[in-house]
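Written out below as structure tokens is the structure these notes cover.
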There are 2 protein chains.
Amino acid sequence: MNASTILVVDDEPQIRRVMRTTLTGKGYEVHDARSGEEALERLRERHLDLILLDINMPGMGGLAACREIRTVSDAAIIMLTVRDAEEDKIAALDAGADDYVTKPFSMPELLARIRAALRRVPTDLRETVIAGDIEIHAAERRVIVRGQAVRLTPKEFDLLLYLAGTPNVPIPHARLLQAVWGPDYGDQVEYLRTFINQLRKKLEADPAHPRHILTEPWVGYRFQTGFGQ
Amino acid sequence: MNASTILVVDDEPQIRRVMRTTLTGKGYEVHDARSGEEALERLRERHLDLILLDINMPGMGGLAACREIRTVSDAAIIMLTVRDAEEDKIAALDAGADDYVTKPFSMPELLARIRAALRRVPTDLRETVIAGDIEIHAAERRVIVRGQAVRLTPKEFDLLLYLAGTPNVPIPHARLLQAVWGPDYGDQVEYLRTFINQLRKKLEADPAHPRHILTEPWVGYRFQTGFGQ
DNA sequence: GTCGATCTTTACGAATTCCTTAGGTCCACC
DNA sequence: GGTGGACCTAAGGAATTCGTAAAGATCGAC
């Protein structure tokens, strides 16, 4: 099993140092960034499992950074809020964070929250996703629709798998593109349109009125498992 | 092919009865148990392919039962969890379950997951793999096709054995190359092409339309045991 | 040294997938 | 009504991968 990768984003060098030594000691692979901008750069370079994000930073704040990160990554995000200002916590969760910790925090608590967040990352480590009349078998790379096996090309399958990995939640264009095509394709929305179109033709009973592969205008696409809109 | 054996473990008699009638109707051989303790007894008595295990039971809970079962059996385990209890699902997989279904569940979904889980039963490399008209005797390094022994070269046999070791699942080029040729041959895809071609000529009835050694475009190759595309 | 079996390269047409383009639909807004 | 943006759909060409055969290279047995 590979070590989980954690990105520490904070403008104070001291905090970064403490985090790095502690987390490295616990067996995590640690990277760091001094600002939200730098964090986004790191994300383009490598995959990260979890991001520790200070809410108070010069330049783009922690909340803005969080929102930006969420459009391109599904890494778990834990925000560090300074005081127990209730509005900070709510804002953090609204911006797409998974959890928050108030500074000053105890290391054991932070470590516990990191463990909990990392366990949540593989939203679906389940082999098979079943949505109405569609079955997706991840390991076998097979899709069965209304009892019939359907041939999907690799890109089609990867896209479907990523969409279905977090069902019933809209996933932004940029995140889909990065997950399937790679970090340099964040704005090629036309690719998405073509492949979504292809998927609908192959999977939906009525491609013009899809019930599973839904578009979320201005945001992205969503894979719906249940029925009832 | 014998019917697969399924053990239903639930303390509610009604659930056991519904499961028994439905699964028996689908051609499975059904046994049941009212508790984790009883399930372990059944396991000592006979071989079981799959276990449906309620997570909420008096006595030793479903999770503890799952862990116990895992120490003595490699049967597939599907746990029945309560909807929306996210930690139950993670705990179930952690305890060694292969999959879970949330109550109340739809029968079609449960049946689909049972089929998928049964397809994944691990193939023991030390024993004989039989796929349609191909028999692979690992220990003797012998292959029999339609009753005729077939001569394979060492590399051909290693490749076939590795492919057949995890049947029905596409195995990436790089993994095959590393497994058969060694760690430094990760990108010599041409080797694969020639040897797969060779294997097909020796094993397939119609090498141009293979039924067992299938290619997964852009990904790798897959050894298919069942039929049905 | 020769032979035979196996493994490594090479080459090229065929098949498939991916990218690109272009026209059309829908909807909010002026 | 008209306009613009986002989205849908279809189709063709470019690029990549796959299948196949056949020619070197390697190695051990004799």
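Here is the naming used below: chain letters follow the sequence lines, and residue numbers restart at 1 for every chain. These values consider heavy atoms only, across backbone and side chains, with no hydrogens, waters or symmetry-generated copies.
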Q: Among the candidates D:dT20, D:dC8, C:dT17, find the nucleotide nearest to the side-chain atoms of A:Tyr221.
A: D:dC8
Q | B:Lys201 vs D:dA21: side-chain N/O to OP1/OP2 distance below 4.0 Å | A | yes
(Q) What is the distance, to the nearest angstrom, from the CD atom on A:Gln198 to the P atom on D:dC7? (A) 18 Å
Q) Do the side-chain N or O atoms of A:Tyr191 get closer than 4.0 angstrom to the phosphate oxygens (OP1, OP2) of C:dC18? A) no
Q: Take atom CG of A:Leu176 and atom P of D:dC7, then tell me their distance rounded to the nearest Å.
A: 12 Å
Q: Using a cut-off of strictly less than 4.0 Å, decide whether B:Thr153 has a side-chain nitrogen or oxygen near OP1 or OP2 of C:dC7.
A: yes
Q. If you check the A:His173 side chain, which of D:dC18, D:dA10, D:dC7 turns out closest?
A. D:dC7
(Q) For D:dT20 and B:Asn197 - does any side-chain N or O of the residue sit under 4.0 Å from the phosphate oxygens OP1/OP2? (A) yes
(Q) What contact category does B:Glu190 fall into here, base, sugar-phosphate, or nothing, at under 4.0 angstrom with non-hydrogen atoms? (A) base
**Q.** For B:Glu156, the option from B:Arg151, B:Arg200, B:Lys202 that meets salt bridge (charged side-chain N to carboxylate O under 4.0 Å, His left out)
**A.** B:Lys202
(Q) From CZ of A:Arg222 over to C1' of D:dC7, roughly how many Å is that when rounded to an integer? (A) 16 Å
**Q.** Sole residue of B:Trp181, B:Phe157, B:Tyr162 in ring pair (Phe, Tyr, Trp, His ring centres under 6.0 Å) with B:Phe195
**A.** B:Trp181
Q. Can you tell me how far P of D:dT9 sits from CD1 of A:Ile196, to the nearest Å?
A. 11 Å
Q) Rounded to the nearest Å, what distance is computed from the CG atom of residue A:Leu152 to the P atom of nucleotide C:dT16? A) 15 Å
Q: Starting at atom CG of B:Leu192, determine the distance to atom P of D:dC18, rounded to an integer number of angstrom.
A: 9 Å
Q: Kindly compute the distance separating OG (A:Ser73) from CD1 (A:Ile51), expressed to the nearest 0.5 Å.
A: 5.0 Å
Q. Just one of A:Leu199, A:Leu203, A:Asn197 clears the side-chain contact (heavy atoms from CB on, under 4.5 Å) bar with A:Lys201, so which one?
A. A:Asn197
Q.
Can you measure A:Leu159 atom CG to C:dT17 atom C1' for me and round it to whole angstrom units?
A. 15 Å
**Q.** Closest-nucleotide ordering on DNA chain D, the 5'-leading residue of B:Thr215 and A:Arg193
**A.** A:Arg193
Q. Quick one: which of C:dC7, D:dA10, D:dT17 gets closest to the side chain of B:Trp218?
A. D:dT17
Q.
For A:Val189 and B:Pro217, find the nucleotide of DNA chain D closest to each by heavy atoms; which residue's nucleotide sits nearer the 5' end?
A. A:Val189
Q. In whole angstrom, what separates B:Phe195's CZ from C:dA5's P?
A. 16 Å
Q) Less than 4.0 Å between a side-chain N and a carboxylate O, is that true for B:Arg119 and A:Glu140? A) yes
Q: Map B:Trp181 and A:Gln188 onto DNA chain C by nearest heavy atom, then report which one ends up closer to the 5' terminus.
A: B:Trp181
